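All remarks here apply to the structure that follows.
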Amino acid sequence: MVSGLINANPVVYEKKERRTRSSPGDVDEYAVEQIDQLEIFDHIRDIKDPEHPYSLEELKVITEDAVEVDDNRSYVRVTFTPTVEHCSMATVIGLCLRVKLMRSLPPRYKVDIRVAPGTHATEAAVNKQLNDKERVAAALENPNLVDMVDECLAPSYE
Amino acid sequence: MDCIEDIFESSLKLEETHFKDGYDEGHADGLISGKEEGRQVGLKTGFEIGEELGFYRGCVDVWNSAARVDPNFISVRIQKTIKQMDELLHSYPILEPEKESGSDMIDALRLKFRAICASLNMKLEYNGYPKTSDVEF
Amino acid sequence: MGDSVQLIKHVELYVNSSATPSQQVASVDAVAALLKNDLLTLDALVREMEMYLTTTDSIVRSRGTLLLAEILEQLTSKPLNSTSIHSLIGFFTERLADWKALRGAIVGCLALLRRKVDVGIVTDSEAKAVAQSYLQNLQVQSLGQHDRKLSFQLMDCLLDRYPGAIRDLGDNLVYGICEAIDGEKDPQCLLLVFHIVESLARLYTGPLANFAEDLFEILGSYFPIHFTHPKGEDDDVKREELSRALMLAFASTHLFEPFSIPLLLEKLSSSLPSAKVESFKYLSYCSTKYGPERMVKHAEALWSSVKDVTYISPSSTPSTESESMGGMSFQDSEIMRHAFVLLQEVTRQHADFVSLVIADNDIHVFINSLNQYKEFDDIPVLVKQKLHALGHILSTCAKPSVELCNKVFEGFFPLLMDGFGLSAAKPSDNVECKFGAIYLCTELLAASRYLTLSLDNCTLDPDFSRQTWHVMLSNFSKSLEKAFIALLRSNVADNAESAYVYFGVKGLQILATFPESFLPVSKSIYDDILLELVSIVTSSGSKTFLWTLALKALVEIGFFINKCPGSGKAASFESIVVEKIVSLISSDDSALPLSLKLQAVFEIGETRKDIMLRVVQALDEAISTKFSEVNDHGNHESYNMIVKLLDTYTQKVLPWFLEIGGSEEIPLNFALGIWDKMETSRFLNVNPLQIASGVLGATMTAMKSAVGSCSKENQEIIISKAFGILFSSTDFGSPGFKSGNDIVKEDELQQTNNNVGRDKWLTSLFASVVIALRPQTIIPNGKMVLQLFITSLLNGHVPSAHALGSLVNKLPLEINGMDSSTSFTLNEAMDIIFHSFNILGNDGSGIDFGSLRLNTLRIQSAINTVVGLAWIGKGLLMRGHEKVKDITMSLLSFLTMDGQDGLPKQFQNLIEVSDEKGVNQLMICAGDAFRTIMSESEECLNRKYHANVRPLYKQRFFSTIMPILISLVVKSESSFVRSMLYRAFAHVVTETPLSAILGEAKKLVPLLLDCLSMLRKDVSNKEIIYSLLLVISGVLVEKTGQEAAVENAPGIINQLTDLTAYSHMTAIRETAIQCLVAVSQLSHTRIYPLRTKVLRATSKALDDPKRVVRQEAVRCHQTW
Amino acid sequence: MNFADENFELREVQKLEGHTDRVWSLAWKPTTGVDGAPAVLASCSGDKTVRIWEQSSATGSFQCKAVLEDTHNRTVRSCAWSPSGKLLATASFDATTAIWEDVGGDFTCVSTLEGHENEVKSVSWNASGSLLATCGRDKSVWIWEVLPHNEFDCVSVLQGHTQDVKMVQWHPSMDILFSCSYDNTIKVWAEDGGNDDWHCVQTLNESSSGHTSTVWALSFNASGDKMVSCSDDLTIKIWGADIMSMQSGDENAPWTHLCTLSGYHDRTIFSVHWSREGIICTGAADDAIRLFVESEESVADGPMYKLLTKKEKAHDMDVNAVLWSSTGNKLLASASDDGTVKIWELGSSSGQKKLQL
C-alpha cells in the first residue's frame, strides 16, 4: 500500500447545494420518471476520496456535467478528474464509482467510467483497467480493496 | 508383503527427514552464501540478487540431495529442470553486474523455480520478490 | 445544670475532630436552638465555652471559635444587646490575629457585621476596629481557597455596610486591599475581588488616585476573562458573571480611564473573536461611565476600531430571507453588533464624534465608488456588506439628536442626492438606479424618521423647521417621492424580487410614516404616495413581489396612522386607501383576481377593528348580491365568487374576530344573514351539480364556524330562527313528513334530492347549525329535528348523518330541572333512532332484519342506514356511551351477510329484490363505516364544534371490537365476507394509536399480513393498503413490535417484497421498501434465508418508474 | 453449405437458471450429445461453483445434474473437459486450477494445480489430452503434462506477455498453444525439439495488423487453418496459416491476418466460437449474439464474412461466452452476467424446419 498521501493538501471546493426537485402535487401515478443526470450524480456525489475526508464533489473529482446518461439506451458514462496528475488512487476512485453505480442502477445499465482526457499521466491505462470487467470482478474479491471501497461509499450523515 | 510395505514406508520417512534436514541446512547456508556473494557485489541490489541466488542454490542443493536419496521422488523432467537451474546458478555473472544477461538469467531461474515447486507441490516462496501492492487489480 | 451537661456534650462533640460533619452540624443546631428558645443565654454559653476559646490547644481553640461563630450565624435574627455584641465583636476582632483560629474569627465577624439594625448591630467604631485588625493581621493570599473567600466576603461586607466607618482608613485600606487581591486566581474569590474594587472606587476617588494605576494593573491582568481549566469545573461561577463583575470594576471610576481604555483598544486587535466582543462590551460600558470629556481623546481610536470591524472587514452573513428583503439583509456577527452598540454609545455621548465619521474620506470615496454599479446584481457581496454596514453606521450617527441628524445630512445627503441623480429644483420622473444611493438614502430617511418620532409627541419644538436636515429634506422630499415612484414604475419592477422595487416601496413607506406635523413631507406628497401604492394594489396584481410589498407598506402605514387618529393623514388614508380597497370586494373589474382583492381587503381590515367591520359589511353585501344574482339568473361565475367570499369569511375574518375577542355579533349576524337569504330566496336550483354542491359546501362550512364561535345564547337565537324558517317551508311542514318511515313520502324526496333543491339547502344548513352547537344549547322541538334528520338521512343526505352524530354526542343524559317539553334526553333520542332504523337496542342482537326489510327494500336506503349508523356510532363512541355496542353489532351483521352462502334467512327477501352487486356495495359501505367511527372528521364531531370527546376512546373501541372481528374472520368461510371483515379490521387498525397496536402486535401481525394479501387483489383498496403498510412500519421500528415481527419474518418479507412491485401506488412501493430496510434490523438468523428474495425484489425496484422508489431501493439494497 | 437463400434466426430452446452470480464460461462435454449419449454442458460462475447440466433424452430439456462447490473459494473463471470427457479442469481467481474426475455423474476433485501468483483466467487441453495449459493475471502461461494417477508435471512457465493473459487455447490438431492478452497481442507458443523447450514463435500485434485493445478470446475452424479472435477494440479478426507446412512439422509456419470484421459490434466482444459448419458466433457486452459466415464473394486475396443473423437482447446483461456443441446436435450455448445459461438452435426464420446443413 502506498505510504503517505499522494496529494497531501487538495483544493476543497464548496458543495453545490442539493437541488431539490419540484414535485408537482398530483403526479400521474403511472407516469415514468426517467433516470437522469442529477439522479445519477446524487448517487456518486458523496463518495469519499480514498485519502481525504472530503467527498468527490467537494474535490471536484466529479461534477454533475461529468455524468452523461441515456435512459432509453440504458447507458451511462461518468468522467472523473483526479486531484493530481499522478494520483495512484485514480483506479480506486474509478472502482468506487463503478461499484456505487453497479449497486444503484438497474442491471440493464451499461456503465463506462473514464478519467477526464488530459488529467492523468496514465489515462489510457487507467481507463482500460476500469472498464475491464474481469479485473473489476477480481478486484471486488480482494478483501483489502473491498474494505477500501466500502470505506469510501460509507454514507456520511451530515 | 507387509515388510515390503514397511520398508517402503520407512524409506518414505527417510526421504522426508533427509529432505527436511537438507532443506533447512541448504536454505540456511543458501542464505549465508547469498549474503556473502551479495556483499562481494557490494551494491544493495547486488545483495538482493545474491540473496535470491543463494536461496535458489540452497533449494537446488536440497533437491539434488533428495533426488540422490530416492530418484523416483523427483520426475526426470523436473530433475532436468533442476540441473538447468544449477547450471544457470553457476554461470551467473556475479562479478559483472552490468551484464544484461544477468537479469534474463534471474528471470529464467524464477520461472524454473516456480515450475519445480509447482510440480513438487511445494509451497516454497522466495520472500524477496517485489510484492505486488494489495490494492492493485 | 443538666443543660450545661447537655451543652458540654454538644460542644465536645463539635470540637472532637473525630466526629462526623453531620454530627457537628447537629450539635451547632442543638446549641443554637437552646439559645433561640432562651433556654440558654449567650453569656452563659460564652462562659461555658471559655476554656475552648482560650485553650492553648490550637485545634480545640479553632474549633471552639468556629462553633461560637457558626452559632452566631444562626442567631442573625435574634435580638442581642449592644454589650454582648460589643464583647463578641471585640473577641473576634482580636482573634483575627490568631491565624490558627482564623476561620472562626472571620465567620464570627461576618455573622455579626451582617446583622440587621433592629436586632442590634455592630457600631461603626467596632467595624473600623475589625477593618484595622483585618488590615494588619490578614495575609489573605497566604490562606487557603475557602478562607480567602471568607476574608474577601468580610472585606466586601465592610465596604458594603460600613463605608462611613472605614472611609478614613484611607490609603491604608486601599493598599491593604491591593495586597489582598493581588494574584487571586480562584473564580469565586475573583467575583468578590471585583466587587470589592468596585465598591472601593465608589467609596472614594481621592486617595484612590495614587493607587489607581496599581489597582488597575491587578484588574487589567484579568481581561479578557477566560478560564484556563476545563469548563464545567466551575459551574458555580459562570464566565459571564465574572466578566460582568470585572466590567463593573473597570467602569467603577474614571480614574481607570487612562489605563483601561488603551488596554481595551489594544485587545481589539486580538485574534480571538471573544476578546473583541468583550472589548467592545467594556468600551461601551466604560464610555458611559467615564463620561464624554474623558472619552473624547479616544474618539479617533474608537471610531477606527468600530470602522474596522463593521465597515473595513465586515463579518456579516446574508440572512436567510435576504432574497425577499431586496437582497440586502445581513446577519451581523456578534462582534459587529457590539461594535455598533459602542458606536451608538459614543455618538449619543458627544456630538463631535460624528464629525469624525463625516470627515472620514474612505466613506466618501466608497459612496462615490458605488455609482459605478449599474445593476444591483453587479455589486459584489463584500461591497453589499460594506454598504449594509455603512447604512447602519450612518443611521446610528443620525438617530441620537437633532444636531447629529443635521451633521449627517450635511455630510452625506447632497452626495446621495447626486448619486441618486436628483436635484432639489426640478423633480423629474426618470432616475438612474444608483442602488447604493437609494439604499443609504432610505437608511437616512429611516433614521431621521426615527428621530422625529422620538421627539415628536404630536408637538414639535418650533425651531425644528429651521434644522438643516429638515430644510434639506423638504427641498428634496418631492423629488424623492417621485424618484421612488419612478423605481416602482420602471421596468425593473417586472422582474421578481428586484432590490430597487423593495427599497422604492420602503422609501415611500418611510416618507409616508413621518408624523403629520412634520412639514417636509407635505400632505400632498403623502397623498400621492398613498395613491401610488393603492393603484399598485388595485391594478398590478401580476407583479407579485411589487404587489405584496405595496400592500404590506399600506398596512404598515395604516398601523402608523392609528397612533394619531383624527389627523389629516388619517382622514386621507381613510378616503384614499380604505374606501378604495374595501370597494374592491364589490367592484367587478377583472384587473385584479378576486383572491388578491380579498387578501388586500382583509389585510387592510386587520389594521383597525372598525375597518374590519366595514370589510365584514362589504363581504355581507357582496355575498348577498351574488346570491341574488344566482337566483335571478343562475350565473356560475358568481357561484365561484360566493365560494371565495365565504372562504375568506370562514378562514380569515371569523378567526380574526375570535382572536381580538369580544365582538360575537359578527358570527351571529353572519349566520342570521344567511338564514335571511334562505328565507327570501325561493329557488336555489343550481346546476351543474358540482358547482352547486361547491357553494353549498362553502356555505355550510361558513355556517358551522360562525355558529361554532357563538355563545350558548346566540346559538339558541340562531337555531330557533333556522328552525322557524325550515319548518315554515311547506314540504317540511306537512304532517306526513314527520313520521320517519313513510315510504310514499320517501319516494318523492328521493326524486327531489338528486338535484340541489331548496329543501336540500335548508336541511344542509340546518344540519350545519346543529353540528356546531354547544352541548348546553337547547334545541327547540328536538324530536321533530331528530325526525327530520332521520328522514333525510334515509334519503341519502349525509350532513343529516353528521347532525345525528353530533346530536347523540351532545344530548344530555337526563334533563336536570325544568321543562322537558323543548329538550329531550339521549336515551329518548336513541329510542327514536333505533325504532326508525328498526334496531332492537336492548339485546345486542343488532338488527331485526324482518322489519328492516321494510326500509331496506331498496339497497340504497339500507346503505343510507349504514352511513347513519356509522356517524351515530361515532357520536356515541366519542362520548363513551355503551349503546355504541348495539350500533357496531348491527354494522357487523350487515358485514357478515353474503351474496351466496351462509346468508341469514331474514335476508332472502332482501336478496330477492336486490342484485348481488347491490349487496356487495352495502357490505363495503358497512366495512367503511368503521373508518367513519374511528377517524377524525373535519365535518363534525371535533373540538371546533364542541364535541364531547372522551379520552382514549379509540383505544377503547379497538380493544372491544378487535376480538369480535378476529373471531368472525376465523369463522367466516366465504372469502368475500372475509375480505369485508378485513376491510373493517383494516380501518380500525389503521386509525388506532400505535401504542395500542403494539400491545397486541403478536396477535395482530399475522392478521395484518393475511389482510394485506386479501385486499391487494382489488385496486380500489390501495389507500387502505397504504395505511396498513404504515401500521406495519410502525410496528417494525418499535422495540416491542419487532419481537412480534421476528416471529413472522418470512410472512412479512413475502408480503413486502410483493408490494415493492405494486404498480398502482408509488407510496406503497416506497413504504414497502422502507419497511424492508427496517426488517433488515431483525435477528439475522431469521431473515438471512430470505436475503436473496429481498435482493431480487430490490434490484427490480432499482428500475422502478418512480425516482423516490429507486432511491429507497438503493438504500435497501445497501442495507441487505 | 449455402446460407444465401434463407434468412436464419436463433431460437431460444431453454434458459438454465441456478447460478447466483454471473456465468463466465461454458464447456460442452465431448463425446456427448451424439449417438444416444445425452448432451452434457458445464458452466462456471462468479458464485464460485461449477454446474453440470444434462439433457434428458426423453424431454430433450436440460437439468442441473451436479454442482461442484467448496473447492474454489473465489470466482471460477473457466472450465474445460479433457478430450476423453473423463476430466474437467476448472480455473479460478483463487490462483488454482482444479482437476475433477467424473465417476458416474458425481465429481471429485482429484488434483489442484498451484503455481500462478494470482487469478487463473483460462484453461485448455491439447488435442490428445496429454497437455494442459493455464494462464492468468501474473502474465504467465503454464504448460502441464498429465501423468498417471492424476499427477501433473509443470512442463514450462512461459513469460512473454506484458500484461494479464486472458485466454489460452490449443490448436485443434497440433501441439501449438495460442494465448491472448490484455496487452492486445496473441502469442503462439511451440516446443522446440522434444525437450520441454517451449517458446514464443510468433506474436500477433498491431504491427501484424492485429488488435488494438484487449484480446478476449480466439477459436479455430474445423480444419485448423483459420483462427478467429475477438477483442475490446470491437472487431473480430480472421487469421490464416499454411496448414500443410505446419503438419510437415514446421510450427513456425506464420499466421497472417486475413480480414477484420468491424462495425458490427459497439461494445466489448468477450467470446467468439467457430462451429464445425463454419459459423462464427460472437457474444458481446451489448447483450447480443451474432453469427457470421463466409460469403460467396470471398475473393482470391482472402475470404470475406457476412453477418448471418443477430440476436438482440439474447440476455438481460453482457454475454460472456458462446459455444457451439461440437457434436451433431447443432446447439449453441451462451452464458451471461444475468446469471443464466441459454441453449439456442439455429433455424430459418420461416421457423418450421431446423437448419439442414
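First the proteins, then the strands, lettered A, B, ... as listed; each starts at 1. Not measured: the values here are computed from a predicted model.
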Quick one: do D/D164 and A/K128 make a salt bridge, cutoff under 4.0 Å?
no

Salt-bridge contact D/D338-A/R108 (side-chain N to carboxylate O under 4.0 Å):
no

Would you indicate whether the side-chain heavy atoms of A/E134 and D/T75 approach each other to under 4.5 Å?
no

Main-chain N/O of A/Q129 paired with D/Y182 side-chain donor or acceptor, under 3.5 Å
yes

Counting only non-hydrogen atoms closer than 4.5 Å, does A/A125 touch chain D with its backbone (N, CA, C, O), its side chain (CB onward), both, or neither?
backbone

Which atoms of D/F270 come close to chain A, meaning under 4.5 Å heavy atom to heavy atom: side chain ones, backbone ones, both, or neither?
side chain

Can you tell me which residue among D/D287, D/D286, D/D266 is in a side-chain contact (heavy atoms from CB on, under 4.5 Å) with A/K110?
D/D287

Answer whether the closest heavy-atom distance between the side chains of A/N142 and D/F93 falls below 4.5 Å.
no

Need one label for D/T268: side chain, backbone, both or neither, based on atoms under 4.5 Å from any heavy atom in chain A.
neither

Nearest heavy-atom contact between D/R74 and A/A138 is NH2-O, 3.0 Å

Decide, yes or no, whether a salt bridge links D/D318 with A/K133 under the criterion of side-chain N to carboxylate O below 4.0 Å.
yes

Between A/A137 and D/R22, what is the shortest heavy-atom contact and its length?
CB-NH1, 3.5 Å

Would you compute the distance between atom CG of A/N131 and atom CZ of D/R267 and round it to the nearest 0.5 angstrom?
8.0 Å

Over 12 foreign heavy atoms within 6.0 Å of CD, A/E151:
no

Got a salt bridge between D/E119 and A/R135, using NZ or NE/NH1/NH2 to carboxylate O under 4.0 Å?
no

